[in-house]
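Order of the sequence lines fixes the chain letters, A, B, ..., with proteins taken first and strands second; residue numbering starts at 1 for each chain. This is a predicted model, so every value here is computed, not measured.
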4 protein chains.
Amino acid sequence: MNTRKNSGGASAVAGATGGAPPRSGSGAAKRQGTTRRTSSSGSASERRDHLVKLAAELFARKGFQATTVRQIADEAGILSGSLYHHFDSKETIVDEVLSTFLTDLIGRYKTALEQEGDPRAVLSEMVRIGFSTLEPHRAAITVMQNDWNYLRSLPGDRFDYLIRAEDEVERMWVEQIKRGQAEGLFRADVDPKLTYRMIRDTIWVAVRWFRPGGRLNTAGLAEHYVTVLFDGLATGERTSHKA
Amino acid sequence: MNTRKNSGGASAVAGATGGAPPRSGSGAAKRQGTTRRTSSSGSASERRDHLVKLAAELFARKGFQATTVRQIADEAGILSGSLYHHFDSKETIVDEVLSTFLTDLIGRYKTALEQEGDPRAVLSEMVRIGFSTLEPHRAAITVMQNDWNYLRSLPGDRFDYLIRAEDEVERMWVEQIKRGQAEGLFRADVDPKLTYRMIRDTIWVAVRWFRPGGRLNTAGLAEHYVTVLFDGLATGERTSHKA
Amino acid sequence: MNTRKNSGGASAVAGATGGAPPRSGSGAAKRQGTTRRTSSSGSASERRDHLVKLAAELFARKGFQATTVRQIADEAGILSGSLYHHFDSKETIVDEVLSTFLTDLIGRYKTALEQEGDPRAVLSEMVRIGFSTLEPHRAAITVMQNDWNYLRSLPGDRFDYLIRAEDEVERMWVEQIKRGQAEGLFRADVDPKLTYRMIRDTIWVAVRWFRPGGRLNTAGLAEHYVTVLFDGLATGERTSHKA
Amino acid sequence: MNTRKNSGGASAVAGATGGAPPRSGSGAAKRQGTTRRTSSSGSASERRDHLVKLAAELFARKGFQATTVRQIADEAGILSGSLYHHFDSKETIVDEVLSTFLTDLIGRYKTALEQEGDPRAVLSEMVRIGFSTLEPHRAAITVMQNDWNYLRSLPGDRFDYLIRAEDEVERMWVEQIKRGQAEGLFRADVDPKLTYRMIRDTIWVAVRWFRPGGRLNTAGLAEHYVTVLFDGLATGERTSHKA
DNA sequence: GATGAATGAGTGTTCATTCAT
DNA sequence: AATGAATGAACACTCATTCAT
């Protein structure tokens, strides 16, 4: 999936879906091969990460396709050709953007699942985790929302890991919903898969309008959503409503 | 907003946001100016609509930018240059795709609002309307989801009507939520605007995974969502959950 | 092997190697599909052929790789992008250059073989045919000499027909040499395949230094070579020569 | 002709064409300037020669232009920038490849000419010399065959020595052919220059298909060619052949 | 209404080369 | 001697758009 140049971090999610998290919680372990030079340690990796961050912002703002490598290079103050010293291709950059996010997200979901708890507690925690990524991974999430279809349509299997990661996440959520239904905590007349999708969509699409510094921070957002999600919008006051 | 050639139908939503629905119920009135050919009446308009439909499918499948005018022309069995007999530009086409959808949607929301009813009934109906557009306007909704950012970033004010339409829709929803809270039907501790956004997102993002012919049709989807939305996922069985 | 655009003539040699010559002696049959417009008949094909000719000259003079599409376009008085209205790629152009030559050559060899005759007559005729292509196909032969290795190394099977054509030609020559040896006309102590290669190389490499208008025309060249080839450089006067 | 760095060995052929062989038999005299490091004597030169050899192989296999400096560096296990400690430019490398071959070839031709003998003996020996270089100088000969045109077309006079060497070699051959004709050993009705070219081409082009380990070694090849060249392909059995 | 040739600006990418470290 | 980041010019190719026919 990765060529020489980006052997560092991109697309590691594919491995993550298999079982044990790769480099889980150790993003710092990247590119150990270049640590020969003890001084200015990690500068190569830092430069690379910086470029990825710049690119991610542009991808989020303008879309992957509408962002040119020249724009990325301009932002970094270098020439477009110089980007290719760090990355094989534009795709490699977005690959790194997305896989970094997915690796983090899945790692945190797994941690939540390991903290034994009743399904409602686990699910609330997963909702909170989702919203909590909105700020640190805003760009990546935006790209995933907007360019998912396009990236998936690219030839080759480079972005197949997107699907694999999606499937793994779905499995984790649906399992908890079903467990909650089995334990009588969640209403049995809702479809678990459908419910997961609605929750998922609600969280991620918030990236489109959420701006830090507004009335609610992401933690507030999460609580708001947990409230509506579990207890509903309605009070006890029932009225007739058209069926 | 529109240049000569597409003076017929695109971007009509802008007018719709003003008040009375423009040409409501008179989609056939489009492009009266082209009746030069008395026989085969409306064939020009039909041809145009057909092209828009083909383009919409491609835009939805591959994204607006990734779709070339040549692909649209290929699909129609003509050469790319010939498309410019019907449309000024590629943007004109997507403009027509989106505005057709928004005109329909806003018109139906207005009808629902005119049918007096308690807020829960109105809101349920609006949810149902939203889901009911998923099939007939699948392509347009997909484009709006995926290419919104890009289209908005284009120079000029051509797509400003997207924002205006969005604002008008938001006003309609938020009004009903507030009314429901005022009448004690909806819990008062939720933020109306935030709640609207979550409802909105949940409906539209479903276009990404909804496929006709699955377990649930859009009506079923709507009921499912109305259930969770109003009454919550939880049963009465409360358990402690991590705050 | 060919994409839409160059469905006309390129790479037809592949078929030729199978058996009956395709469009043999009917280069005019190209692009019949575009003859709908009876007036300005074949102008599309002519334009295309003209561009191929210009490109062939440049390929021959500077090498395939060293020739840029801009140079070809400049030569034709158009912009480089406009070339892609006629050809899929730079490779398509050189493909057409080479396959046109090979189709012609193989067709003429076949005609010679059909004219029954003793092997010496047939072989002389084949030598003459070879030399006679030097002028009309000078550019193509030059490209084949210089860029053969590179074109063969290109990914995909696009230029596999070069090998197939080479093999077919070798078969024709070797057959005649063997027949001549069997009939006692040619010395039996030479290797047929080796001898073919030496004849072949001698003919084609002449393209490097042959310039029309010199002392000898290609017919003279052919006779000169036939003389040396069959009867040797030496007179009867034998002297000792270091073994 | 050469810039600082490769003042050692490249392009020495130019001098050779003047008269006395330059440093003939003293290849070890190269790069005396680098003897700064008294220990590991000649290691710099050896490293350099190794790099030239690696590059020559790549040039031969893929062509000069299609070979990137990065590929050469990869092959040597260093980075492309590091190559510039040894060579001024990519051209300097190929310069060294070709001039080394030409120096060797011309030196051996001269030795043959000094060994007095009748023209047939000398010519046979020159043929043998040519074929004998096929193995040790395979890469250089291949490059010369394929990239001659391109290298000659480069701006500047850097590769003018190729022409000068070619001319010198031609003079040597033609002289012997003419001498043979004058002495009645060779048929008088062949053109000496033309004959030389045919012999030359036949020898060098063999590099394209000759592979060591086949049926014939280069010595066998030489004898085969000498046989056909002097005595012809035909036996005494004459038949009519189309004029 | 449609063709087909052309435009012109732009795309991602390549690559020989430079140079501070 | 070698690294690795960067350059800068060039490359093949794309594509929305124009326009004479």
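In this structure, D:L51 atom CG and F:dA1 atom P are separated by 10 Å, rounded to whole Å. Atom CD1 in C:I93 sits about 12 Å away from atom C1' in F:dC13, given to the nearest Å. The distance from atom NZ of D:K90 to atom C1' of F:dA10 is 14 Å, rounded to the nearest whole Å. Atom CZ in C:R47 sits about 16 Å away from atom C1' in F:dT21, given to the nearest Å. Distance CZ (A:F87) to P (F:dG4): 16 Å, rounded to an integer number of Å. Rounded to whole Å, the distance from CG on B:L154 to C1' on F:dA16 is 13 Å. Atom CG of B:D95 and atom P of F:dA16 are 17 Å apart (whole Å).
Atom CZ in D:R48 sits 13.5 Å away from atom NE2 in D:H85 (nearest 0.5 Å). With values rounded to the nearest 0.5 angstrom, C:S82 atom OG is found 13.0 Å from C:I72 atom CD1. Rounding to the nearest 0.5 angstrom, the gap separating the CG atom in D:D49 from the CG atom in D:L54 is 11.0 Å. For the atom pair OG1 of C:T68 and NZ of C:K90, the computed distance is 7.0 Å after rounding to the nearest 0.5 Å. Rounded to the nearest 0.5 angstrom, A:L154 CG and A:N149 CG are separated by 11.0 Å. One distance of note links CH2 of B:W148 with CZ of B:F159; it measures 11.0 Å at 0.5 Å rounding.
Close to F:dA5, at under 4.0 Å from its OP1 or OP2, lies a side-chain N or O of A:H85. Between B:R48 and E:dG1 there is no side-chain N or O to OP1 or OP2 distance below 4.0 Å. Close to F:dA2, at under 4.0 Å from its OP1 or OP2, lies a side-chain N or O of D:H86. Note on D:S82: a side-chain N or O is less than 4.0 Å away from OP1 or OP2 of F:dT3.
Distance from the side chain of B:Y84 is smallest for F:dT17 among the nucleotides F:dC13, F:dT17, F:dT3. Closest to the side chain of D:S89, out of F:dA16, F:dA2, E:dT17, is E:dT17.
The 5' end of DNA chain E is approached more closely, in terms of each residue's nearest nucleotide, by A:G81 than by the other of D:E91 and A:G81.
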Can I get a per-line list of side-chain donor-acceptor pairs under 3.5 Å for residues 57-65 of chain B, giving both atom names and the distance, sequence neighbours left out?
{"unit_1": "B:E57", "atom_1": "OE1", "unit_2": "B:R138", "atom_2": "NH2", "d": "2.7"}
{"unit_1": "B:Q65", "atom_1": "OE1", "unit_2": "A:A66", "atom_2": "N", "d": "3.2"}

Exercise. How would DNA chain F look in dot-bracket form, 5' to 3', counting Watson-Crick and G-U wobble pairs with both distances under 3.5 Å and writing | for bases paired to another strand?
Worked result: .||||||||||||||||||||
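The closest side-chain heavy-atom distance from A:R158 to A:S89 is below 4.5 Å. Counting heavy atoms from C-beta outward, C:D95 and C:L151 have side chains that stay 4.5 Å or more apart.
Within residues 63-80 of chain C, the residues approached by DNA chain E to less than 4.0 Å at the level of any non-hydrogen atom are C:R70, C:I78, C:L79, in residue-number order.
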